[in-house]
Amino acid sequence: MGDGMRIIYFSLLRIKILFQNRTLFIISLIVPFIFFNAVGLVFRNSGEFTKIPITIIDEDNTDVSGRIVENISKNELLKIIHVSKEDAFKLLYDNRIEAIYVLKDNLKENILKEDIHNIIDIYYLEESIAGAALGDIVASEVLPEIGDIKTANKFENICKIYNITKYQNPFEQSLKYSDNLWKSERFDLPINIEITVPETEKQVRLTIDESILPKQSALGMSLVFTTIYLIFCSTSIVKEKNSNVYKRLKVSGYNTFQLSMGNMVGIIGVGMILLLVQFISLINFFNITDISLIFQVIIIYLFFTLAISSLVLFFTNIFNNQVVLQSFAPLFVILLGLLGGSFWSIELYPENLQSLARLTPTYWGVDALVDSLIFNLPFSEITYNLVILSAIGIILFLINFVLASIRRY
């Protein structure tokens, strides 16, 4: 039997052994899928939980006050609770809303007079930090209306001063023009704007986004649970070495390189199967329209499992106790996932910790998957990730081979 056939035969045997833990295999398949749906649900509904609840009481009931209420209601930071004034104060005292805004009955009249000092009353609890800060948010929605009216007043006065008669009702026409500007998608101002373009597409990525984070976390969880499965099940290699199985295999004709390569190919095969099944279960969430993207993901998985399989073999060489390795594996992989950006973006970390994160294969795997599946970057943008992953895999494999040769298992 040639070297190639020995490696293939031993790798197939390793795959069969690694698939014996069916319970852990099933858990590793379904947890990323469940996690994605759970996190996605939280992020989709997070807006309702993070909005600040307030109540607006419109005592003026004019077109101006109506537009102000509509503008405030559109603010993404605020959640408007529609109740009576009496009920609003009950909610305020029960800490169920942060503030009450009362648009007073003389609001339109005072705005037309450009007297804006007594048009809105604000009520909030003394200890409320949010209530005190909400004044600026509401003011930002009121000021455009005031600005439009002041502009209309100014325009009407100019028409009177310079005897401009081509406008029948300059005040109303000015308001109408302002309203058209607000409704239009864009309008040009005589301002010169200089735009600085980043060197690469990756520099313009937004890493904190309610649609991106759940997907990134699902991809990261997939890598984390695959790694846990591979390390946990590969503890059988430690048991085989302690039982002198490898020495008997060498007597039958195997050498250290064949055994190391067989183990590595077998672990890569199991990892690829696990990752691809996980990916198939999540594929609908990534809106993949280009079939070439699927092959790109397969290549990323291949290089990632290359690096991880070498890491797994490294642990089987430095740990002599199967139970100790099984206890160590989950904690180490979770730490690897946290550090490598499997749960959130590493841009949230301090600079020193970001540098440490880039030493992990998980970081380069997650980063490549995010670039491909979420940001749809070309293959050229992830080649660097693949080079790093292959370098990690080759270096660790050489270390494993040297250790196995020295220890003569």
Side-chain angles (χ1 to χ4, degrees), residues 47-48 50-92 97-124 128 130-195:
E48 291 301 314
T50 57
K51 288 183 177 182
I52 302 171
I54 66 170
T55 293
I56 302 176
I57 308 298
D58 185 4
E59 294 182 343
D60 195 41
N61 290 316
T62 60
D63 55 334
V64 174
S65 64
R67 285 196 297 268
I68 291 175
V69 172
E70 184 180 358
N71 291 339
I72 296 174
S73 301
K74 292 178 181 178
N75 192 297
E76 295 181 355
L77 295 175
L78 304 177
K79 180 179 180 180
I80 310 302
I81 308 298
H82 299 283
V83 293
S84 66
K85 190 174 182 179
E86 181 181 354
D87 290 337
F89 278 99
K90 291 179 181 178
L91 293 177
L92 182 65
I97 60 174
E98 291 292 341
I100 301 171
Y101 290 85
V102 180
L103 309 186
K104 302 179 71 172
D105 57 6
N106 58 352
L107 180 138
K108 179 178 180 179
E109 181 182 348
N110 286 342
I111 289 179
L112 290 173
K113 296 177 182 178
E114 298 188 21
D115 180 9
I116 59 173
H117 299 292
N118 192 30
I119 58 175
I120 300 178
D121 287 338
I122 306 174
Y123 302 91
Y124 59 87
S128 173
L134 283 172
D136 291 337
I137 298 176
V138 174
S140 68
E141 305 297 345
V142 177
L143 286 177
E145 193 70 33
I146 296 173
D148 288 345
I149 291 176
K150 292 189 70 171
T151 302
N153 278 333
K154 183 73 69 176
F155 181 64
E156 185 178 44
N157 291 333
I158 290 174
C159 289
K160 290 179 180 179
I161 293 171
Y162 294 98
N163 196 26
I164 300 173
T165 59
K166 67 176 182 178
Y167 301 105
Q168 293 182 352
N169 192 333
F171 183 86
E172 291 297 333
Q173 286 190 269
S174 177
L175 287 181
K176 185 177 180 180
Y177 181 74
S178 297
D179 187 57
N180 290 334
L181 288 179
W182 285 111
K183 290 179 180 178
S184 64
E185 294 184 359
R186 62 182 296 274
F187 58 91
D188 296 320
L189 293 175
I191 301 174
N192 294 323
I193 301 175
E194 181 179 346
I195 299 176

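Basis for what follows: all heavy atoms, side chains included, without hydrogens, waters or symmetry-related copies.
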Using 0.5 Å steps for rounding, measure from the [atom1] atom of [X] to the [atom2] atom of [Y].
{"X": "E59", "Y": "N61", "atom1": "CD", "atom2": "CG", "answer": "8.5 Å"}
{"X": "Y101", "Y": "T55", "atom1": "OH", "atom2": "OG1", "answer": "11.0 Å"}
{"X": "D58", "Y": "L107", "atom1": "CG", "atom2": "CG", "answer": "8.0 Å"}
{"X": "I81", "Y": "I56", "atom1": "CD1", "atom2": "CD1", "answer": "10.5 Å"}

Taking all atoms of both residues into account, what is the closest heavy-atom pair of I57 and S84, and its distance?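 In this case the closest contact between I57 and S84 is CD1-C, 4.0 Å.
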
Do [X] and [Y] have side chains that get closer than 4.5 Å, going by heavy atoms?
{"X": "I146", "Y": "I119", "answer": "yes"}
{"X": "I68", "Y": "D60", "answer": "no"}
{"X": "F171", "Y": "L112", "answer": "yes"}
{"X": "L92", "Y": "I97", "answer": "yes"}

Using the rule given for side chain to side chain contact (heavy atoms under 4.5 Å, CB included), can you reason through I120 versus V102, listing the C-alpha separation, both sets of side-chain angles and the distance that settles it, and then say yes or no? CA-CA 6 Å; I120 300 178; V102 180; 5.9 Å; no

Measure from the side-chain N and O atoms of S73 to the backbone N and O of V69, and report whether any donor-acceptor pair falls under 3.5 Å.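 Checking the backbone N and O of V69 against the side chain of S73, a donor-acceptor pair under 3.5 Å is found.
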
Exam field: side chain S65 to backbone T62, donor-acceptor pair closer than 3.5 Å: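 Yes, S65 side chain to T62 backbone: donor-acceptor pair under 3.5 Å.
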
Can you list every pair that meets ring-ring contact (aromatic ring centres under 6.0 Å, His included) and has a residue in residues 51-91, with sequence neighbours left out?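 Listed by first then second residue: F89-Y123.
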
Identify, with sequence neighbours excluded, every residue that meets side-chain contact (heavy atoms from CB on, under 4.5 Å) alongside P144.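 Listed in chain order: W182.
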
Please walk me through it: do I52 and L78 pass side chain to side chain contact (heavy atoms under 4.5 Å, CB included)? CA-CA 5 Å; I52 302 171; L78 304 177; 4.2 Å; yes

For K74, salt bridge (Lys or Arg N to Asp or Glu O under 4.0 Å) partners two or more places apart: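 Applying salt bridge (Lys or Arg N to Asp or Glu O under 4.0 Å) to K74 gives E70.
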
Taking salt bridge (charged side-chain N to carboxylate O under 4.0 Å, His left out) as the cut-off, I'd like each qualifying pair that reaches into residues 99-113, sequence neighbours left out, listed once.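 Of all non-adjacent pairs touching residues 99-113, those that pass salt bridge (charged side-chain N to carboxylate O under 4.0 Å, His left out) are D63-K108, K104-D121, E109-K113.
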
Show the atom names and distances, to 0.1 Å, of all donor-acceptor pairs under 3.5 Å that link a side chain in residues 156-165 to residues at least two apart or in another chain.
unit_1	atom_1	unit_2	atom_2	d
N157	ND2	N153	O	3.2

Go through the structure and list residues passing ring-ring contact (aromatic ring centres under 6.0 Å, His included) with F155, not counting sequence neighbours.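 ring-ring contact (aromatic ring centres under 6.0 Å, His included) list for F155, sorted by chain: Y167.
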
